[in-house]
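Worth saying up front: this structure is predicted, and the values here are computed from it rather than measured.
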Amino acid sequence: MHSRMEWKGHIQNALKEDRFVPWFQPILDLKNGTIRHYETLVRMIDKEGAVVPPGMFIDTAEALGLIREIDKIIIEKTLKFQSELLKEGRQFCFSINLSAKDLDDRELLGFLKNKVMELSTYGERPIFELTETAAVHDLGRAVKFIRDLKSIGCSFSLDDFGVGFTSFRYLKEMEVDYIKIDCSFIKMLAESKNDRLFVKAMVDVAHGMGVKTVAEFVENEPTIKILRELGVDYAQGYFVGKPAPEI
């Protein structure tokens, strides 16, 4: 409890001093070998200028209701960055994570719609990412939230897909555009026949429903080769590129 309250102070100070920044990790198109899609990840900068990874503060921010303010900052900064790139003639698409707590926040939904309309006029609309757990926990609310943002041209991705295989039941109802296959199926892909079977099943079902697939935690060339053979659309991980403050 003492540690959590200490981190609450660090987070509140970082919010006041505008020390939350977006970092970007590339996502490789496995069909043509290009990168024009990045996932936005949050980083906190401490008072000495060092980068604080999200594992240090995200749980506390979610537990204490501070995650919404962080999400708003990262979303706005990402959309502004995308707009600046577009002015330079560089068109990219960005995936932005949303917390489970965001789904019941009507004020945040209004903020998102306004910012997307304001800053993504000529570029591609963002892809918002929800974890499987968050989406399935309150399906009705998740579906409404997704439909509201899809109505203005945004897309949605379901993260950590396949952990419990419950998502197959809800995939069509949620109308997501991408699924991100959980790292537990990817890390040992070259060694595990079962993992290859599971990934192929996910790909076949997703493609049958018009949903694209992204493999997470891709760390070597053999995995890339197998993913292409299995028909996976995109790959993300340290082998493709590490998160960085610029693209």
K.L.:
Do Phe24 and Phe81 have their ring centres less than 6.0 Å from each other?
P.N.:
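For Phe24 and Phe81, the ring centres are under 6.0 Å apart.
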K.L.:
Is Lys187 salt-bridged to Asp195, going by a charged N under 4.0 Å from an acidic O?
P.N.:
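Result for this pair is no, no salt bridge flagged.
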K.L.:
Is the shortest distance from a Lys or Arg side-chain nitrogen in Glu229 or Arg196 to a carboxylate oxygen in the other one below 4.0 Å?
P.N.:
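Not counted as a salt bridge, because no side-chain N and carboxylate O are separated by less than 4.0 Å.
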K.L.:
Hey, is the main chain of Ser99 close enough, under 3.5 Å, to the side chain of Asp102 for a donor-acceptor pair?
P.N.:
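Present.
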K.L.:
Before accepting this row, confirm whether a basic side-chain N of the pair Glu129/Lys180 lies closer than 4.0 Å to the acidic partner's carboxylate O.
P.N.:
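Lys180 and Glu129: salt-bridged.
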K.L.:
Count the heavy atoms of every other residue, nucleotide or ligand shown that sit under 6.0 Å from NZ of Lys225, and state whether that count exceeds 12.
P.N.:
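Open: at most 12 neighbouring heavy atoms sit under 6.0 Å from NZ of Lys225.
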K.L.:
Are Lys72 and Glu76 within salt-bridge range, i.e. N to O under 4.0 Å?
P.N.:
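No, no charged N to carboxylate O under 4.0 Å.
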K.L.:
Would you find more than 12 non-hydrogen atoms of other residues, nucleotides or ligands less than 6.0 Å from Lys212 atom NZ?
P.N.:
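No, not enclosed.
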K.L.:
Are any non-hydrogen side-chain atoms of Phe57 and Val52 less than 4.5 angstrom apart?
P.N.:
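Yes, side chains in contact.
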K.L.:
With side chain to side chain contact (heavy atoms under 4.5 Å, CB included) as the test, would you mind laying out the steps for Phe161 and Val176 before giving the verdict?
P.N.:
CA-CA 12 Å; Phe161 187 85; Val176 297; over 6 Å; no
K.L.:
Indicate yes or no: does Arg19 engage Asp46 in a salt bridge with an N to O separation below 4.0 Å.
P.N.:
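Salt bridge absent between Arg19 and Asp46.
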K.L.:
Roughly how far, to the nearest 0.5 Å, is the CG atom of Leu130 from the CG atom of Leu98?
P.N.:
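It is 5.5 Å, given to the nearest 0.5 Å.
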K.L.:
Below 4.0 angstrom, N of the basic side chain to O of the carboxylate: do Arg68 and Glu107 qualify?
P.N.:
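Salt bridge flag = no for Glu107 with Arg68.
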K.L.:
Please check if any side-chain donor atom of Ser192 sits under 3.5 Å from a side-chain acceptor atom of Asn194, or the reverse.
P.N.:
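Side-chain D/A pair, Ser192 to Asn194: absent.
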